[in-house]
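Scroll down for the structure; my scribbles are underneath it.
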Amino acid sequence: QVQLVESGGGLVQAGGSLRLSCAASGRTFSTHAMGWFRQTPGKEREFVASIRWSGGSTYYADSVKGRFTISKDNAKNTVYLQMNSLKPEDTAVYYCAAGGRYYYETIAGQYDYWGQGTQVTVSS
């Protein structure tokens, strides 16, 4: 089992920045990839970014490429999502996920573990 706890969400104006953190505990060595997803009411969970747990290869959704950066600190068992140049359409609940088989995995159902989510609201 892997437990995930997100933090860092909040309210920010368009053009601003936020950094999300995801602290992992438990059998973290068993996960090949971790990712960030986001979800708005009435919509499916959407892939944002993912990273290989060992090695650090990354993958991004086109909608965030060049604005968001995923990174990790293996010593702290923590994954980060640095979000710059935020837009109102980035408003969502952001979820951390673990257990992906590949670092480029974009399908939510292929991840085994999920955090509780953190709200990000971008005002115009």
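All of these numbers come straight from a predicted model, not from anything done at the bench.
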Step by step, work out the side-chain contact (heavy atoms from CB on, under 4.5 Å) result for C96 and W36.
CA-CA 5 Å; C96 176; W36 287 97; 4.0 Å; yes

4.5 Å side-chain heavy-atom contact, Y60 and I70:
yes

Sub-3.5 Å donor-acceptor pair from the side chain of T78 to the main-chain atoms of K76, do we have one?
yes

Could you pull out the closest heavy-atom pair between D73 and Y80, with the gap in Å?
CB-CE1, 4.0 Å

Applying side-chain contact (heavy atoms from CB on, under 4.5 Å), can you list everything that pairs with A98, at least two apart in sequence or on another chain?
V2, L4, T31, M34, Y113

Classify the ring geometry of Y94 against F68: parallel below 30°, tilted from 30° to 60°, perpendicular beyond 60°.
tilted

With clusters defined by side-chain heavy atoms of hydrophobic residues (ILVMFWY) lying less than 4.5 Å apart, directly or transitively, does L20 cluster with W53?
yes

Check this for me: Y59, atom OH, are more than 12 non-hydrogen atoms of other residues, nucleotides or ligands nearer than 6.0 Å?
no

Do V48 and I107 share a hydrophobic cluster (ILVMFWY, side-chain heavy atoms under 4.5 Å, transitive)?
no

dist S21:OG -> Q82:CD (nearest 0.5 Å) comes out at 9.5 Å

Would a distance-only check, ignoring hydrogens and angles, find a side-chain to backbone donor-acceptor pair under 3.5 Å from K72 to N77?
no

Quick one: does Y111's side chain have a donor or acceptor within less than 3.5 Å of a partner on E105's backbone?
yes

Criterion side-chain contact (heavy atoms from CB on, under 4.5 Å) on V93 and T118, from CA distance to verdict
CA-CA 5 Å; V93 176; T118 185; 6.0 Å; no

V122 with F37, same ILVMFWY side-chain cluster at under 4.5 Å:
no

Are Y104 and I51 in one and the same hydrophobic cluster, where Ile, Leu, Val, Met, Phe, Trp and Tyr link if side-chain heavy atoms are under 4.5 Å apart?
no

Residue pairs meeting side-chain hydrogen bond (donor to acceptor under 3.5 Å, both in side chains), one or both in residues 9-20, sequence neighbours left out, come to S17-N84

Suppose we screen for side-chain contact (heavy atoms from CB on, under 4.5 Å). Which residues come up paired with T121, at least two apart in sequence or across chains?
L11, T91, Q119

Angle between ring planes, W114 versus Y95, binned at 30° and 60°: parallel, tilted or perpendicular?
perpendicular

OH of Y103 to OG1 of T58, rounded to nearest 0.5 Å, is 8.0 Å

Could you state the interatomic distance from SG (C22) to CG (L81), rounded to the nearest 0.5 Å?
10.5 Å

Could I get the full list of salt bridge (charged side-chain N to carboxylate O under 4.0 Å, His left out) partners for D112, not counting sequence neighbours?
R101

Rounded at 0.5 Å granularity, tell me how far OG in S85 sits from CZ in R67.
7.0 Å

side-chain contact (heavy atoms from CB on, under 4.5 Å) partners for E89, two or more places apart
K87

Using the salt bridge (Lys or Arg N to Asp or Glu O under 4.0 Å) rule, collect all pairs that involve residues 41-58, keeping only residues at least two apart or in two chains.
R38-E46

Whether the side chain of E6 engages the backbone of Q116 through a donor-acceptor N/O pair (distance < 3.5 Å, no angle test) should be reported.
yes

Minimum heavy-atom distance A92-T40, with the two atoms named
CB-CG2, 3.7 Å

